[in-house]
Amino acid sequence: MSTPCDSLQAFADGELPPADAQAFGQHLAGCERCQSELTRLLQLEQLGRRYLERHGPVEVPWHAIPRNRLVVAGAAVLSAVALLLLIIPRFSGGSTTRAVPELWARQQRTLEARVTYPEADTYRPMVQSLMGAANAPRGNEVSHAVMGQLENQGDLPQLVAAYLAGGTPDTSRAKQVLERMRRERQWDANVLCDLGVAHYVAAQAQQDSRRTGELREALRLFNEVLRGTPTHVQARWNRALVYRDLGLPLLAREDLAVLERTEPDAQWQNEAREKRKRLEGVLQRQANWQAADTAGFELISQGVPALPEALRYADVPLMRRDFYHAVRARTSAAEVRAFLPLATQLDTLTGGGTVLQEYVQRIAARDFSVRAPLAAKYARLMTGQVASGDEEALLRTFLASGEDDIALGALTYAVRHLPQYTPQLVERTRASPDPWFRVLGLQVEATQEQKLERYDRARRLLEEALDLCTREQLVYRCIEVENDLSHVSGWLFHVSDAERHARAGLALARQAQWDQERMLLQTLGNAMRLASDVTLGRAYFGEALLMSDGDRKSLRNTHQNLAHLAIQALELDEARAELDRAMDIGLPLTQHGIAALVDVARTRRSPRDAQAVEQALALEPGNTPGQRAYTKFLRGRFLVDVDAVRGRALLEEAIHEAESAAPEDVTAKHARAYSYTSLIFADAAKGDFAAALERFGAELGVASTGRCVLALTEDTERSLLVARGAEGQLVRHYTPERSARFDPGSLAGVVPPDMVGALRPCASVDVLARPPLQGRSGLLPSELAWRYLTRATSPRPPPDGRGMHLVVSGVRYGEQHNDAVLTWSPSIAPGAALQTLRELHATPNRVLTAMSQATDIDLATHGKIDPGSNTAYLLLAPGPDGNDALDENRIRGQRLSGAPLVVLAACEAARGTSALHEHGSLPNAFLAAGASTVLAATLPIPNDDASAFFAAVRERIRGGVPPSVATRDERMKWLNGGNDAEWVNGVLVFE
């Protein structure tokens with residue numbers, strides 16, 4: 001029985017009749033098997049073409065050439081080739097012009113990545129780097145004449161290859177050409193792949209976050225190519241390089257192993273094999289840690305006979321942990337003294353102190369007629385020979401024994417199951433002479449503070465612990481502290497700090513701690529999730545998945561997080577699949593997993609979801625009002641689409657409970673915001689858009705039922721815009737399912753014409769944009785006056801008196817920054833006092849202090865975007881501690897008693913965060929601190945024009961014009977003035 005796939009060879013040879021060729025072309029677009037096989041056939045044809053170019057033509061009779069037998073089928077074949085241009089990488093990169101011999105005649109290549117132009121991708125071994133050379137060897141430079149010739153001929157694929165692989169790479173020009181090619185073609189695998197190469201090569205010249213940013217973009221492009229064309233060998237090769245450079249060797253090895261099987265060129269195969277073998281160090285790290293872990297367990301269970309192996313692995317951080325357990329488990333003074341060499345070596349590894357040696361001597365002097373039975377019981381506890389029901393009785397015995405180290409060890413082990421003993425553990429660690437236990441105690445205290453939603457207090461305790469363990473070189477403890485700090489920073493939505501601590505912990509773990517390496521990869525993936533970085537998040541979780549080694553808890557947690565990332569990418573089928581994988585493991589989902597499940601279940605509900613929700617929420621009922629409110633929110637969100645009455649009631653209760661929580665209860669903020677989201681969309685789903693608009697206002701405490709108000713929000717696959725026009729008419733635009741999120745930079749075109757028309761007669765429009773949509777430009781046309789409204793009432797300025805205008809300008813930046821000093825001409829109100837902070841005096845601390853009493857503030861400095869968290873901060877002069885960044889977290893902690901009008905004359909200072917539970921941005925931080933109005937831009941602003949524009953807006957406001965109208969009037973004046981003033985469209989008003 002024949003299948004459509006049987007026609008592949010005839011299609012490739014051009015032997016199908018026109019109708020059949022067209023039908024097969026349609027089949028080919030959806031058949032991965034045929035795509036893969038056709039790629040192989042075309043690669044063989046390409047090899048033949050190279051042979052002809054190198055060795056001359058081979059005479060073949062005309063009638064033996066298959067394509068000449070069906071000239072009449074030319075139209076159909078051309079149609080099929082047009083399709084192939086979209087799906088076959090070798091064709092899409094081809095060129096109608098001949099290769100330039102001088103470009104590709106070299107015997108060695110200088111570019112490790114692979115471009116798609118066939119002649120540039122002919123295998124050549126990498127040129128060797130010279131020992132001691134500062135940079136990689138450079139290739140022969142390509143003449144400008146050759147580049148101009150390729151440009152004139154329109155041979156853009158070869159031009160790109162020349163920029164990237166023809167000599168010293170010119171990534172800037174390559175990117176320009178590739179972006180042009182990208183705009184001209186809907187989807188081209190080779191263009192995307194070569195663009196990824198340009199970003200990958202550019203990363204080699206960068207450091208830290210900029211390097212990571214280029215690697216991220218390269219990885220995103222290679223992923224996109226491989227999703228559309230899984231057989232694209234260059235993209236897979238290049239993705240392996242990115243994984244390797246990101247420190248993800250297991251993922252890199254997987255891609256290289258695929259290339260060993262699928263790459264048709266034996267020389268490329270061999271190099272892939274060599275690269276894979278060079279990454280086997282990761283397997284050695286795993287084996288070394290497993291051997292050390294085994295040696296530590298045997299040290300506890302066997303004692304002295306296991307000492308030689310323990311000494312061999314003394315440099316693995318976990319050995320100090322197991323050393324304590326092993327000493328406590330010994331039943332004689334002689335056995336304890338035998339541990340002195342190991343104690344000496346461990347002390348040496350932490351700076352040469354004598355803490356452990358003194359500990360051994362102190363324990364060896366104990367009365368073992370009393371201690372020995374306790375030590376034997378401790379050994380049984382640590383080797384898993386005590387039933388869980390007997391642990392508390394044994395713990396009480398240890399606590400009453402007078403053997404303090406055994407009691408401390410048992411507390412450390414048992415508090416996970418018996419949290420009521422946590423205060424005793426903390427008290428004993430404070431009295432310990434060993435910094436190992438003092439760090440542990442601070443960690444335990446911080447954990448308790450987290451459970452009570454006191455994350456700021458937890459952060460301070462962990463920072464103290466990190467300082468102590470760093471000074472004492474306690475690597476094992478430092479890894480765990482960095483991990484804890486990353487999670488606490490994440491809860492506070494300090495995304496950059498969360499990433500920084502995760503990376504620091506991962507670097508330490510990679511010294512020898514395989515299990516903690518996996519833990520920190522998950523933590524780093526979580527930081528990427530908070531930053532809405534799906535590409536890197538998937539990469540880090542993907543590596544952790546390969547490291548899981550069957551650990552069910554790790555597998556479940558990883559699949560839950562991958563589901564969250566799929567939700568962010570609006571790939572809901574993939575999110576459903578990840579949740580099913582997590583549930584199939586057999587462990588209950590965590591509350592974090594349920595948060596993903598209740599989102600996905602709205603459109604992809606499974607019969608077992610209800611049980612999974614109840615099972616998980618029963619295990620985590622909550623310790624604080626905020627946590628209990630969040631549990632109700634999850635139940636309500638899951639039910640509201642199938643049991644509207646009960647679901648709505650739970651969501652209303654969640655809001656009420658969240659509002660009764662302490663101000664620092666972060667989970668309460670999440671529960672309140674997300675419950676409003678669910679209720680707003682529940683109203684929209686049943687067509688009650690007036691009620692939905694009322695909820696927008698209720699959330700902020702403002703009246704939203706009058707006129708000239710626009711509200712907008714989004715929630716995974718759905719979005720809602722609802723407005724009251726100048727005549728009070730209700731206009732709405734509800735999208736229950738969408739394929740893409742709103743543009744993160746601009747909302748131009750989002751508001752439909754009928755809604756704009758209803759708002760056009762308004763003197764000014766109040767915009768209620770729920771996070772993360774606030775702070776984006778282009779929402780309404782330039783000629784309309786509008787403002788982002790974030791709270792019900794404006795703070796009142798102090799009683800009549802002399803105002804104080806603070807101006808920060810002319811900042812002298814740190815030597816590591818290559819930023820120009822900005823000028824500023826302030827507009828000072830008559831009679832107002834002027835305070836200026838310039839040059840090295842404009843440090844973050846001094847600026848914060850000066851702002852507290854100001855009634856007007858001008859901050860004329862550079863705005864920067866943190867590449868990790870994608871959030872804005874102000875660059876100032878470095879303080880004594882070296883800090884030169886003023887971010888929203890520090891601003892929120894201030895009190896601006898003068899209710900100032902704040903002008904942020906800094907590029908992109910209005911950019912918001914990806915937080916869903918609160919308005920995150922510099923303008924909102926100033927409003928939260930007490931500012932009355934903030935003017936800020938989403939675009940780069942010119943140094944020469946900025947002070948004139950903002951001064952004119954400020955003068956209009958002083959004359960009694962509302963800020964939104966004043967900004968609109970000045971904006972239109974500049975736009976109609978004939979100058980290049982497009983940047984003024986990015987100036988936004990926040991009140």
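Predicted model, so just to flag it, every value in this text is computed and none were measured.
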field: Pairing of Glu574 and Arg538 as salt bridge, 4.0 angstrom limit
entry: no

- request: Locate the shortest heavy-atom distance separating Glu727 from Gln729; write the atom from each residue and the value.
  value: N-OE1, 2.9 Å

- request: Measure from the side-chain N and O atoms of Gln615 to the backbone N and O of Leu589, and report whether any donor-acceptor pair falls under 3.5 Å.
  value: no

field: Asp683 with Arg648: basic N within carboxylate O range, under 4.0 Å
entry: yes

message: So which atom in Pro663 and which in Lys669 form the shortest heavy-atom distance, rounded to 0.1 Å?
response: O-CE, 3.5 Å

query: Is any side-chain heavy atom of Phe638 less than 4.5 Å from a side-chain heavy atom of Arg605?
result: yes

- request: Step by step, work out the side-chain contact (heavy atoms from CB on, under 4.5 Å) result for Leu597 and Ile594.
  value: CA-CA 5 Å; Leu597 181 64; Ile594 294 301; 4.0 Å; yes

- prompt: Would you say the side-chain atoms of Gln560 pair up with the backbone N or O of Thr590, donor to acceptor, closer than 3.5 Å?
  reply: yes

task: State plainly whether the residues Glu714 and Arg738 are in salt-bridge range, i.e. N to O under 4.0 Å.
output: yes

message: Quick check: do Arg635 and Lys632 have side-chain heavy atoms less than 4.5 Å from each other?
response: no

query: Going through the distances and angles, do Arg500 and Asp497 end up as a salt bridge (Lys or Arg N to Asp or Glu O under 4.0 Å)?
result: CA-CA 5 Å; Arg500 176 171 57 85; Asp497 288 340; 3.1 Å; yes

message: On a heavy-atom basis, which atom in Ala769 and which in Gln774 lie closest, and how many Å separate them?
response: O-CB, 3.7 Å

- request: Would you please test Thr677 and Asp715 for side-chain hydrogen bond (donor to acceptor under 3.5 Å, both in side chains) and show each step?
  value: CA-CA 7 Å; Thr677 300; Asp715 182 27; 5.7 Å; no

message: Measuring only between side-chain heavy atoms, which start at C-beta, is Asn924 closer than 4.5 Å to Glu918?
response: no

message: What I want to find out is whether Arg576 reaches Asp580 closely enough, with some N-O distance under 4.0 Å, to be called a salt bridge.
response: yes

field: Stacked cation flag Arg776 on Tyr788, 6.0 angstrom / 45 deg
entry: no

- prompt: For the side-chain contact (heavy atoms from CB on, under 4.5 Å) test, which of Leu747, Leu720, Val722 pairs with Leu712?
  reply: Leu747

task: Mark yes when over 12 heavy atoms from residues, nucleotides or ligands other than Arg646 sit less than 6.0 Å from its CZ; otherwise mark no.
output: no

message: Within a 6.0 Å radius of atom NE2 on His417, are there more than 12 heavy atoms belonging to other residues, nucleotides or ligands?
response: yes

task: Answer yes or no: are there more than 12 heavy-atom neighbours, outside Arg416 itself, under 6.0 Å from its atom CZ?
output: yes

- prompt: What do you reckon, is CD of Gln611 surrounded by more than 12 foreign heavy atoms closer than 6.0 Å?
  reply: no

task: Salt-bridge test for Arg518 and Asp551: reply yes if a basic N is under 4.0 Å from a carboxylate O, no otherwise.
output: yes

message: Is there a salt bridge (Lys or Arg N to Asp or Glu O under 4.0 Å) between Arg911 and Glu888? Walk through the geometry before answering.
response: CA-CA 11 Å; Arg911 182 183 292 196; Glu888 66 165 299; over 6 Å; no

field: Stepwise side-chain contact (heavy atoms from CB on, under 4.5 Å) test for Glu664 and Glu453
entry: CA-CA 7 Å; Glu664 67 270 16; Glu453 294 289 320; 5.7 Å; no

Any side-chain donor near an acceptor of the partner, Ser764 and Ser964, under 3.5 Å: yes

- request: Quick one: pull up OG in Ser532 and CG in Leu916 and give me the separation to the nearest 0.5 Å.
  value: 7.0 Å

Close side-chain approach of Glu699 and Ile655, heavy atoms under 4.5 Å: no

Note, Pro781 side chain near Arg760 side chain (heavy atom, < 4.5 Å): yes

task: Would you mind reporting whether Glu449 and Tyr455 have side-chain heavy atoms less than 4.5 Å apart?
output: no

message: Let me confirm one number: the CZ-CG distance from Arg529 to Leu562, rounded to the nearest 0.5 Å.
response: 11.5 Å

query: Is there a donor-acceptor pair under 3.5 Å between the side chain of Ser486 and the backbone N or O of Glu482?
result: no

field: Minimum-distance pair of heavy atoms, taken over all atoms of Ala671 and Gly626
entry: CB-O, 4.3 Å

Carboxylate-amine/guanidinium contact Arg220 Glu224, below 4.0 Å: yes

- request: Show your working on side-chain contact (heavy atoms from CB on, under 4.5 Å) between Thr523 and His501 and close with a plain yes or no.
  value: CA-CA 9 Å; Thr523 302; His501 287 298; over 6 Å; no

query: What distance do Phe990 atom CZ and Thr933 atom OG1 have between them, rounded to the nearest 0.5 Å?
result: 11.5 Å

message: So does His592 get a backbone contact from the side chain of His564, meaning a donor-acceptor N/O pair under 3.5 Å?
response: yes

- prompt: What class does the angle between the rings of Trp491 and His670 fall in, given that below 30° is parallel, 30 to 60° is tilted and above 60° is perpendicular?
  reply: perpendicular

message: Check this for me: does any side-chain nitrogen of one of Asp609 and Arg604 sit under 4.0 Å from a carboxylate oxygen of the other?
response: no

message: With a 6.0 Å cut-off (strictly less than), is the heavy-atom count around CZ of Arg718, excluding the residue itself, greater than 12?
response: yes

- prompt: Of all heavy-atom pairs between Leu565 and Gly537, which one has the smallest distance, and what is that distance?
  reply: CD1-C, 3.4 Å

query: Between NE2 of His494 and CG of Asp887, what distance do you get to the nearest 0.5 Å?
result: 7.5 Å

message: What verdict does the side-chain hydrogen bond (donor to acceptor under 3.5 Å, both in side chains) test give for Asp743 and Ser746, after you've listed the backbone C-alpha separation in whole Å, the side-chain angles of each residue and the deciding distance to 0.1 Å?
response: CA-CA 6 Å; Asp743 188 299; Ser746 171; 5.9 Å; no

query: Can you tell me if Arg552 uses its side chain to pair, donor with acceptor, with the backbone of Ile585 under 3.5 Å?
result: yes

query: Between OG of Ser548 and NE2 of His559, what distance do you get to the nearest 0.5 Å?
result: 7.5 Å

query: Checking side-chain contact (heavy atoms from CB on, under 4.5 Å) for the pair Gln522/Asn561: CA distance, chi angles, key distance, verdict?
result: CA-CA 9 Å; Gln522 292 176 323; Asn561 279 295; 5.7 Å; no

message: Counting C-beta onward and ignoring hydrogens, is there a side-chain heavy-atom pair between Val613 and Leu634 closer than 4.5 Å?
response: no

field: Heavy-atom closest contact (Gln450 atom, Ala458 atom, distance)
entry: CG-CB, 3.8 Å

task: Check Arg787, Arg707, Arg724 against Asp766 for a side-chain hydrogen bond (donor to acceptor under 3.5 Å, both in side chains) and give me the one that passes.
output: Arg787

message: Can you tell me how the ring of Phe633 sits relative to the ring of Tyr630, calling it parallel under 30°, perpendicular over 60° and tilted otherwise?
response: tilted

task: To the nearest 0.5 Å, tell me how far Leu651 CG sits from Arg637 CZ.
output: 9.0 Å

- prompt: Is there side-chain contact between Asn557 and Lys553, with heavy atoms separated by less than 4.5 Å?
  reply: yes

